[in-house]
Structures are given as C-alpha cells and as structure tokens.
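Side chains included, hydrogens not; waters and symmetry mates left out as well; all remaining heavy atoms used. Nothing here was measured: the structure is a model prediction, and the numbers come from that model. Each chain gets a letter, A, B and so on, in the order its sequence line appears, and its residues count up from 1.
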Amino acid sequence: MLEIKDLHVHYGNIEAVRGVSLDVEPGKVTLVLGANGAGKSSTLKAVAGLERPVQGSVHLNGDDITRLAPHKLVRRGVVLVPEGRRVFSPLTVAENLRLGGYTAPKEAYDETLARVYEMFPILADRGNGAAGLLSGGEQQMLAFGRALMSQPKVMLMDEPSMGLAPVVVDSILAKVRQMADSGIGILMVEQNADAGLDVADQVVAIARGEVVYSGVAGDARSHASVLRAFLGEAALAEQ
Amino acid sequence: MQDLLSVVTLGSIYLLFALGMSLTWGTIDILNFGHGAIFMFSSFTAYLVLQQTELGLPLIMLIGLIVGALMSLLIQVLAFEQIIKRAKDKRAAEMQILIGGIGVAIIPLAIAQHYTKSNPFGFSKSTFKVNTWTMGDLRITNIAALSIVVAVVLWVSAAVWLRRSRQGLALRSIGVDAETAALMGIDRRKMALATMAVAGGMAGLSGVLFTFGLGAITPESGDTLLVKAFACIILGGVGSMRGVAFGAFFLAAAETVVLTQTSGSWVEAVSFGLIFLVLLVRPSGVFGRAEVRRT
Amino acid sequence: MSAQPVEQTTTPVLELRDLAVHFGGVKAVDGISMKLMPGLIYGIIGPNGSGKSTLIGAITRLTRMTRGELLFDGASYEHVPPSRLAQLRVTRTFQTVRLLPDLNVRANIQIGADARTTSEQKAGRRPSWFERLRGPAASPGVADAIRRTRLEGFESYYPSEMSYGTQRRVEIARALAMDPRLLLLDEPTAGMNQSERAEISGLLRDLREEGLTQLLVEHDVQMMLDTCDYVFAMNSGQLIAEGEPDEVVRNPAVQEAYLGKKWGKDA
Amino acid sequence: GSHAPASGKGLPAEIKLVSVNPTTGVVAFAGASANKGYQLAVKEINDSGLLGGSKIKLELKDTKSEPQTAASALTSAISDRDVAAVFGSVSSTEAVAMSPLAQKQGMPIVYTQAGSHGVVVGDYTYRATPLMSSYYPIISKFIKEQGYKSVGLMYTSVTPTLQEIGEKTYPQLAENLGFKITKSIATSATTQDFAAPISQLLASKPDVVAALEVGASNPTVMTQLRQAGYEGKVLGNSGASAGNLKPAGKAADGMVWPADFNFQQSAASSQKFVAAYRAAYSEDPLNYAAEAYDAAHFLARSIAAAGSIDRVAIKDAMKKEAAKSFDGALGKDLKWVDGTLQVPGVMVEYSTEGEKLLYEGTGQ
Amino acid sequence: MMSFYDSHLVLFQATFTGLILALSIQVPLRMGVFSFAGAGSYGIGAYLAAILVIKQDASAFVAIGAAMLATAVIGLLLGLLIFKLNGLYLAMATVAFDLIIGVIAINGGKTTGGSTGLYGVITDFTMSQLFTITLIALVLVALSEVGRTGRRVDAVRDDPELASSMGISLRRYRLTAFVVSGALGGLAGSMNVLVRSAIGPLDIGFGLIVLGLTMIVVGGSRSWKGAVIGAVIFTWLPDVLTAIGAWQELVYGIVVALAAVFLPRGIYGVLVDLNKGLQRRSRERHDPPPAAAEEAAGDVDPTTGDVRELALNEEAVP
Ligand SMILES: Nc1ncnc2c1ncn2[C@@H]1O[C@H](COP(=O)(O)OP(=O)(O)OP(=O)(O)O)[C@@H](O)[C@H]1O
Ligand SMILES: Nc1ncnc2c1ncn2[C@@H]1O[C@H](COP(=O)(O)OP(=O)(O)OP(=O)(O)O)[C@@H](O)[C@H]1O
Ligand SMILES: [Mg+2]
Ligand SMILES: [Mg+2]
C-alpha cells in the first residue's frame, strides 16, 4: 500500500502541491481529477522521485520512500507512466519495450511482451522502427506497454488515455482494471473523467494543489460539484 | 604494402583514442574535450613513475589505464555531473560540457608543460624494448602490432556490448532522455560513471601505446589528436561504432596517402576537405542515422 | 448544423485532390480528397495511426507529400514552401506542444502575430527597416488571443513553468494571433478535462461565427459532435466515411474501427 | 629617485631593460634558457662598471608563447618611459608581432633565435642570432667526408626556418656538392606519426636521411627511422638539442646538425662564457643562453656609447656598434650584417653520452 | 608615469577584435547554426586586408570593406553548400573549412608569406576608428536580438519546423547567418591585422575557435552582452593572471572550468535568471494568482467559489 501524506512540491516560489494526502491500495484504482495546473502531475512526479517534495512523506508498505531516487523506486515496483509519453525517440519500439523491462524478472519477460503485443498489435508491426516516428496515439500505447513490461506493484499513470482513439481508451482502461484486479495498486490521473470513473475505486479531486474532494468512485458520479467541475454541465443534464 | 601497414597502425591509434570519446558522446551525450588531456596525462604519469623505478610494458599499460580511468571519473564527478545538474536544457548542457572539458583539459596540460618545459617525454627508462619484426619486405614493431590488437579487441567488444547487452541499451537510453531512463529503473549516475571510466581508461591506454610507438610525445600531443578524433567520429556518424572505426581508418589512409604521394604540407587541407565532401553527401556521417523527427 | 454544401458555387478555401504521403512502406495518407468551404468547422476522426496528423502535416507543407494536389482559394500550392503558407494565413497547432522555451507566453504568442505582419506587408505598404526589425510594438491580436484562451495572468510565464494543459492553450493562442483564414488544430484539447474542452469548443464555434474555416482533429467524440459542421473519418490513410457528425458516428465501419463502447452502443 | 643621473654621461642609476620571452607554453624551453643568458650577462655588466655607476635592472615578462601577449607586453614596455630597450622574443611569430610596434614607436629591441623575415625591419630592430640558413652549409664538409651521394629529405613546413632549409638550402647544397635528393617530403604541424613518410624516404634508397623537424618531433623521427631499419646518420637541425632527443634513447645516436653554438667550441670568448655559465647555473649552456648573452652585451655597449637612456640615442649607438665586430659567446670576430649577427657555426653529433663537437666552421 | 591606457593598448584593441570574432560565432549559434566559419573568415579577412595594404597600398577602410565583402560572399557560398547540415556535423564542416584556410595560408607562397605570414601592414587606422566600427557592428547585432527579429531567431533555433509554419523562411535565415558570420569574421580579422600589422598561419588556427566559443559560452551565448562580457574577461584574464607567474595557465583552466560548471547559461544568463526571479516575485505580489484563471476554467461554482465547500455541503444531485 502506498501512502502519501501531506505532500508539498514547490518550484522556486510557486507552490504547486500544498499538502496532498492520499492512499493507493493494492487491487484498487485511485483516480485523480483536477483542472489544468492543479498539481496532479507534480504530485505524481514527487512520488516517483522526479521532484523533491519540500514537505510530507510517501510510504510504501510501511517503508519511507520519500525522496528516493527514481531508479530505486522502480526496483521497489513503483512505476510512473509520465505525462506526454516520453518514448525514447531514436530507439526502436522493441528496444523501448526492452527498457521497460529493465528491472523486471527475466522469467516472465517473454510472456509480458507477448501480452503487450497482443494488446497493441501495431507495436509488434513496428518493432524495428524508431519509436519517434510513431503517431501520437501509437506512442502513448508504447508508453503504456513499456510500463507494463516492468511488472509493477504500484503504477502511477499520468493521463494514459491522452490522444487515444475511444476504442483504445476502452481497452487501456479495461487493462487498468484488470491489472488492479490482479493486485496492483494504481494511481491514475485522467482527464477523461467519464471513462476514468468507470474503472476507478477511489476518486481524489485536486484544485490549486490541495485535495478538495475524496471519496468512493460511485459516490463521485452522484456528486454535483465533481460532476460540474470535471465532467461538464452536460453530465449534470444527463442525470 | 608497408604503407598499408602504416595506415592500419595509425588508424588503430586513432581508433583507440576516438573509441572512448565516441562511447561517451554516442551514449551519455558527453562530448569530452578533456579526452586529449587524459590521454597525455596518463602517459605523463607513467613517465614520472618510470623516472623512479623501472617497469615493463604490462605495468605501464596498467598505469595508463588506471590513471586515465581515474581522471575521467574525476572530471565526470567534479565537472560534467555538476553541469548536467545545473543546466536548464540538454542543449545548453552540451555546450557547457564542451567548454568545461576544454577548461579542465588546460589543468593537466599546464602541469605537464610546467614539468617538461614542453620538451617531449618518452619511456626510454622502461625495461620493455621495442622490437621490429620483419616478414619479407614488411616491417612491423611489436608495439604497433599490440596497438592494432588492442584497438580491434576493444572496438569489437564495445560494439557488441552496446548493441546486444542490456546495459548497452540502457546506456543509449540515458543519452536520449536521462530522466525517463531513470523511470525505467536505470541508475543513470552509475552507468555514466562506468562509461566515463571505461572511456578514460581507453584514452590512458592509447596514450601509453602511442608514446611507446612514437618514442616520445609532448604535452600538446593530446590536443592534436582531439581534433582528429572529433573528425573521425563525425565522419562515421555520432553514436555508430562502425562509424568511428571507419572514420579512424579513413583519416589515417587519407593522411598517409597525402603525406607520401603529394606535398605533406597539404595533409590537413586534403583530409579535412575529404571529410567536408563526405558530409555534403552524407549529412549525418557515413554510418550515422538521421535524426528522428516528425511533425 | 449545415450540411456540406457540395454544389456551391463559392470556391473552397482548401481543396485536396488525391493526396498521398508514404514513408517507405508505410502509407500514412493514401489518396485523400476533400473540400473545405469557408466559415465551417470540419473534423477528422480516425484510429491512432490512421494518418490524421500526417494529413495536416502535408496540408501545411511540413511533411513531404508523395502525390496529389493542394489548392488554397482555388490556387494550387504544392510547391510553395511552408514558410509562405503563413502569408496565405494558413496556420496550425501541433499534436505535441511546441513552445519556445526561452520566450514567455506573450512573446510566444507574438510569434504568431509577427507572421501576420509579414502577410500584411506583402499586401500593401512597405514598412521601414526599423519597423521590420522591431515588429509592431504591441499587436492587438496578441491581447485578444490571450483573452480568448483565458491566459490572462500568465503573460510573463515561461513554458516550463506551466502545466501541460495551460501550454496547450498557448499553442492555440499563438495560432489565433496570426488571424488565420484557415486553422488546423491537431488534438488541441488533449490533456484538458471535459469542462475545459467545452470551453475550447465554444471558442472554436465563436471563431466560426467570425468566418474562420477550421479543420479539427480530436479523439473526443462528444466534442466533435458539439463542434463540427462536417466530419471526415479516416482509417489506414483513407477516408472511410464523411458527412454530418452524428451520421458519421452511426456509420458501422467507423464504429468498428474507431468508436468505443460508449458510442458504439448509442447507435 | 631612479631618474637621478649617476654619472656625468646622463645615465640614470638604474637602467630598466625588459625581456619579453616565453617562459610558459610551447616554446618555454627556449625562452627560459635565453633569460638565463640575459641574467648572467646583466650581472657581469653591472659588476664590470661598463655603465659607470649605473646598474641594469632586468625585468622578465612571459609571453606564454602567444604573439598577442608578446605584443601587449612590448606595448606596455614602450609606454613606460623608464625602459631603455627590450630583448625580443625567441619565437618568430611573436617577434613578427613585436617588430612593427618597436620600429614605429622607436623602441630599441634585440632578438635572439627568431629566424624569420619581418623580425629585423628597421634601425631599431636587431637579431643577435644568425639565420640557420647562413651557417647550415658548414654541413657540406660532413657530407663530403662521409661521401654521401644521395640524400632523402623530410622537412616541416611549419617553421619558416626549416622550410627554407628544406626548400632552398638543401637543393643549393645538392647542386654545389653534386649529390642527389632522392625524395623530398614536407610534413605538417599535426603530423605526429612519421612512419609513412619515413618508409617512403627509405624506399628511395638514399645514402643518408635528412630530417628537419621541430624540436619535439626529433625523438619520434629518430625512433621511427630506427624501427624502419635505418642505421645510418641523420642530418638534422639544432632544434634537436636542449634535451629533446633524450626520450628516444639509443635510437637518437648518430643525429648530426650544424649549430650556431656549442659549449665545447674553442673560441676563448666562448669558453669564458661557458665557464661563467657553469659557475652560475651548474649546467652546460645552450645556444639560446649564448645568444642572449651576446645580445645583452651588445645592448650594454650601445647604451654605454649612447651615454643616455634616450631611445633615439641608443638606436644611433646600436648602429655604430653593429658596424664593429666583437668576440662573444657565439665565437670570435662576430659581425653584423643587416642587423643580424653572423657566426661561423659548429657541427654537432648527438650520442646518449652527450653532444659531441665534430668540427667548427670558419666563416665565409 | 605611463598611463594605463597606453600600456594596455594592445589589450584594448584585442578586446574589440575579439568581441567581433566572438559575435561571428554567436550570431549563427543563436540561430541554431553551429558554424565556426567565422574563424576561417577571420583568417581570410586578415590576409586579404594585409595583401591589399602591402601590395596595393589600400587605405584602412578600403581594406576592411573589401575583406568584409569577400568574406560575406564566401560565407554565402559556404552556406549554400552546407546549410542543410545540422548540429555538430555542420560544426565539423566549418572546422574543416577553417583548417583548410590555415593550410592555404601556409602553402600560399609569396602571396601569403608561407609559414612566416605577412608583416608590415601599416596604415593610419586609429583606435577611435576601431572603436566606432566595433560599436556599429555591436549595435546591429544587438538589434537582431530584440523585437520581431529576435523572436524569429529564437524560433529558428529552437524549433525550425514551428518557425517555418510561422512564416519564417529557414533557408533565408540560415543563409543570413552564414553571411553575417562571414562578414563579422572578416571584419575582426582585417581590423586585427591593421592594428597588429602582422598575420601568420599560427594566428588563425583552431585556437581562434576555442577562444571565440569560450567567450560566448562563458559570457552567455544568447545575447550580445554575453559576448561583450566574455570578450572582456578572456582578453584581460591572461594579463591579470601574469601576476601569478608559473601557474597562470593552470589558474586560467580552473577559471574556465568553474565558469562552465557554475554558470549554466553564462555570466549573462545568471543576470537574466536573477531578473526573472525578481519578475516572478513581483508577479506574485501584484498579479492575481493565475490559478484563479484556471479555477475559472475548472468551472467552480460561482456562488461559493470553492469546490471544497460544495463537497462538504454534500449537495444532493437534482
Ligand atoms: N518545472 C516547473 N517550474 C515552475 N512551475 C511549474 C513547473 N512545473 C509545474 N509548474 C507549475 O505547477 C503547477 C502545477 O503543475 P502540474 O503540471 O502539476 O499541473 P497538472 O495538474 O498536471 O495540470 P495539467 O492537467 O495541465 O497537466 C502549475 O501552476 C504549473 O504552472
Ligand atoms: N516520418 C515517418 N516515418 C515513418 N512512419 C511515419 C512517419 N510519420 C508518421 N508515420 C506513420 O504514419 C502513420 C500515420 O501517422 P499519423 O501521425 O498521421 O497518425 P494519426 O492519425 O495522427 O494518429 P494519432 O491519432 O495517434 O495521432 C502512423 O502509423 C505512423 O507511425
Ligand atoms: Mg499534468
Ligand atoms: Mg496525430
């Protein structure tokens, strides 16, 4: 279980995250919602070790992992799918996937790879092509597939569905659910709140770096403020 | 024939020197302009040690290797790591590293110049004697043969390791995007240090072999080689192991041909002119891959 | 919503005839023809990798096309360099945010306005060399673009200090500052939430009222339905359907290739 | 204080001279050695009372082997009215940068070594070192004695001096002595490995090899010549002296070259200098020191004759002084021709034990 | 007593010519063109001016003008050949160009004076002329850094593709970079030979590239101010360091390395960052926090202004 307590992230004198606390439980999907600039990505980056939080703590199964270097966190099973894809452009698609599995145990490697290819056949087709030449959505698939390769225990995902066609969003979110069901803890930032809520267990809404709502996913849908803030007026009308 | 042998010998020295530079540049994106100083100073250290005691070839090579690796590590920790930590973006870091390397290189150079008063130094005190083997018309010294073997072995192992091994791949990913590489679980610092050490070791080794082969070098020898190595790597295509070997032997051949067939004072004009022409035809070097870009 | 006025006598703003872009074996765009009439919003949907971004790249001449014809206002321009397109006031946003890291938000947007001044110069008065060097002191277009994309307060921020979604707004603002006649938008709202998208959609519709022709690529079907007058659906580099948005969404081929369960079951 | 005349002749108590020479950088070895010669001479002059009660104060300025620094140091010396004259740099490139300044602004300057054109450009500029091409022909005797009928020639085009020897002096010698140049190869500044040109040279089967390379390249040339199987003598140049050949060890034995000075040369005035030098520094003097020593004495005599530190007066005195011949460290009966000193020269052979004097030139 | 100015005249001169040389590298670099051709142009300019003065008795201005014209044209031709190259590949091609110029100088026989070079280039070129010309060049370069041109140059460097879609002709800008760099290099070289009166192959070697690059990187490569700072530092530093004596080179190296390490964007960059920091601070004091704008975008209930309150109210769904 990943526990984030009173996390603060500052960039110079910009306070991007101001005391965020939330839990990620194995087998559960925690969905983070929030407007542009609310501090979602900053929270995830701080957990993954890419930004140093100025205050607060992160615990993994009771161990303090605050401010641990990113590569050490990966070895403990905490993996981040970063915002904006960040594939290794000049390397081939296959090499990107191999890097995803850099720390993973070798036994399950081939099996995982096969599953990734099954999920995104285009990645198999383009295995020897440079990752940077893929289309935006294909790169997003690669980023997701790459994270799967590491066989994580806790997965942090920053907008995994960005730029993906609706069918693919469905399959990715289904996969997320499936992973959660297999015991992985998932912390997911997702702007496509509507689809995200379908697979989430917990919902946390962040505004201006603070948690403004947190509750069970089912309740969130029936909560007017959340609806209005993150699903738009249309969602209210629909109800 | 004898000329061909000269080309191979000279080319393998260029290769040995350029290999380390190419390794750090092509993988972790560090174009180390202190490489020439490492080369020279390793040899210089061996020379200083030889003033105290007599040593054979293996020990001298070991000294070169260790001093080179240590210097390279030191530069990485004290200069390059700090630059990367502070730089705003990758391109700015590249420039700073370039200049930082040039600055750092002045330090060992000044020390060596101070002690030698810029006179050449060599290993005449070594117990190892350079012999010449004759096969028919061909003559080759044992040290030239050794240089060729060392260069080829190191080159092949570096190339294979980079292409095939897990760490090789990890190393290349660091050069592309160090932060994301860390997110893959790669310890970028350790990998970078290891690479720098290996590259420095190669520079040190080539310094020692080069000094043996020529009888003597001067403190400024490293600088001359630096420009040539830069040319070799660019010519072959940055990041390509085949490329650096091609570049090294191409340059050696061009120089030898010019030096022996025409007036030697045109050597640079012709060899760099050739490089210029090759670049017009292959803008990313002979074996280099074009930058991956799309809209 | 108005249907595609096929037999209209007005010349289309943009016309593509049998456009193709191949990368070695990959046929990213493979024979596409379309006409964009003035003052309408056109949408393109299609699975990932179906060639949407490549199509926009070809239209803006940044991607080399393999064959076909491009016409703007009835004049063909397939040999015009990309930089000259700005003079025709064709502009675009990019799928991945492209802001200049060393310029603040205002200056980044001003880049767009700068392009406009060149096109105005071509049209008429020759400015003094000093004016050309300095550019207009403060373009009204910039303030307007900032207001419309709700970037007030961010003017002096640098791209690295802003969140992803905010950066996307700057991308849109820069395009608006050029005062375009044809605007091509490649997933402008990726990384924004529903209400933010609705807002951008509103902005695009306002622009249409002002007569701006737009070509919009988006994966958010709801937004396409709300925004577009006419939608093209692509798959594997080819058009598989076109028509009014709800019509296209109901097309079985589109549903299978592209739409997920939500839209699929609506049909 | 220092302006008060110490003697009736109008000389100040302290006469300021500046040596603008490289003591760091690539030509530091020559500059440093020259400075030793200047210091030795200044001490002698001050002790001798040549300048009455006045004493020379020598200031050393490092050029770092850079022309610009050299020019800069000279400018500041020129603008210091207390400076009577300057000892110019041993390096040609630096000297060429200094001469126009000295000439234009009227600063008496005496160089050593700097053997290119553009150094002696007018009546303020002198060079107390013969051009190598002027004494190099004493090698003729050696070539004749050894009976060489053909020479394989390798020279660098980097320094004007060696380029001239390679391109003018040797062809001239070949014509005069009737030997053949089997092959003539130019090398460049960045040539570090001489294996290829050497194998070409040897392939042309000359009786003897001539290698005219800059100082630091000499050990490599000797090493690689021996590796290529060449056992004979090598005709070189004085750049090989000053310990440059040491790293080549035994391989360097048998290199011979004409020099303007060798500490074993017989002239009494030379031996007097060598003794003084040994006493001062406990080592044998190099040619740079000898040249500097003669330059300093020449300048001191001129200042004494001028009887003032007025630069124009010194210039005029130098002109008169240069019309006379003198005995100095470089030999006896030395003459100036067009502002450059002429010497008979000596022939030297290197061996691991030390440099051996083969014979001395007789002058023209 | 000698005046400081007189005794350091050479350094003042070197500061100006060094500055122009640095600019000849800075201008293309700022456009993302990694060209060191300025150093080669410096050589061409210097030799050409020297030849004109010695052989044709040309006046200083004619020599400078002719040198600049020639190097600008050569810059254009070189640019036409290689403007498609990128990054360090381009750098290599221009280094090759520079080295070839050096070799030509050595092998030019009488025309270039071989390894001796040319000397006795004496004209009536004065310090105030040198100063004026440098100032004019500097102002022109400075103007290219502000306003529209400045932004466009930034765009060409940071994102060529974006630039061309914003109506900027890459080809034109890059070629201009070559021409301007050539002209500046030629200017620096010709002025240098006029004040120094001599030029040789060793004066135009690889060292020029290193010097120019060090000046702009340590000074700050994005602004002419950086080049000025760099030119002053690296012209005067060696002179200051002579005081140290034997180890001055060592200290020089340490200074360069420290500057590279601790001043990520040059000395000028540090000043800019300080300024940005101040801006940010004042921004936070005076402007409404931008988060407010975002909040509006996030559609917060206008009556309460805060999502949290709504959440606490457990407002029922209508
Ligand atoms: N490197 C940085 N330097 C300065 N400020 C930053 C930096 N990164 C983020 N910020 C600021 O921190 C705040 C939070 O940014 P963050 O990226 O976490 O937002 P977000 O919730 O992920 O938004 P989005 O949905 O747009 O991705 C924003 O106001 C942004 O301007
Ligand atoms: N330069 C290139 N070289 C090789 N293949 C390319 C190149 N550019 C695009 N492709 C391929 O062409 C196809 C179309 O890409 P494009 O980016 O146009 O897709 P898209 O429709 O925009 O997808 P997405 O919705 O994911 O952004 C993809 O399969 C992509 O991998
Ligand atoms: Mg974010
Ligand atoms: Mg796309």
Tightest non-hydrogen contact, residues E/Leu85 and B/Leu279, listed as CD2-O, 3.5 Å
As an exercise: rank B/Val278, B/Val227, B/Ile275 by heavy-atom pairs under 4.5 Å with chain E and give me the winner. B/Val227
Any side-chain heavy atom of B/Met95 within less than 4.5 Å of one from E/Leu213? yes
Side chain from CB out, backbone as N, CA, C, O: work out which of these in E/Val218 comes under 4.5 Å of a heavy atom of chain B, or both, or neither. side chain
Only pairs of heavy atoms separated by less than 4.5 Å count here; which of E/Val256, E/Val103, E/Thr94 has the most with chain B? E/Val103
Given the options E/Ile104, E/Val217, E/Ile106, E/Ile101, which has more heavy-atom pairs under 4.5 Å with chain B than any of the others? E/Val217
Find the distance between CD (B/Gln113) and CG (E/Leu250) and round it off to the nearest 0.5 Å. 11.0 Å
For B/Leu98, which atoms come within 4.5 Å of any heavy atom of chain E: side chain, backbone, both, or neither? side chain
Using every non-hydrogen atom in the two residues, find where B/Ile234 and E/Leu88 come nearest and quote the distance to one decimal. CD1-O, 3.4 Å
Within a radius of less than 6.0 Å around CZ of E/Arg171, do more than 12 heavy atoms belonging to other residues, nucleotides or ligands occur? no
Closest heavy-atom pair and its distance - B/Ile106, E/Glu249: CG2-O, 3.3 Å
B/Ile111 versus chain E, heavy atoms under 4.5 Å apart: side chain, backbone, both or neither? both
Locate the shortest heavy-atom distance separating B/Ile83 from E/Val261; write the atom from each residue and the value. CG1-CA, 3.6 Å
For chain E, which candidate among B/Val238, B/Leu277, B/Val104, B/Ile102 shows the most heavy-atom pairs at distances under 4.5 Å? B/Val238
Quick one: does any side-chain atom of E/Tyr89 pair with a main-chain N or O of B/Gly237 as donor and acceptor, under 3.5 Å? no
At a heavy-atom separation under 4.5 Å, does E/Phe262 approach chain B through its side chain, its backbone, both, or neither? both
Nearest-0.5 Å distance that lies between atom CG in E/Leu99 and atom CZ in B/Phe272: 5.0 Å
How close do E/Ile82 and B/Leu280 get, counting heavy atoms only, and between which atoms? CG2-CD2, 3.5 Å
Chain B contact via E/Leu162 - which portion, at a heavy-atom distance below 4.5 Å: neither
Contact class of E/Ile254 relative to chain B, heavy atoms under 4.5 angstrom: both
Heavy-atom nearest pair, E/Ala257 first then B/Gly100, reads CB-O, 4.3 Å
Check whether any side-chain heavy atom of B/Phe276 lies under 4.5 Å from a side-chain heavy atom of E/Leu78, and answer yes or no. yes
Option in B/Ala269, B/Ala79, B/Gly285, B/Ala110 with maximal non-hydrogen atom pairs under 4.5 Å from chain E: B/Ala269
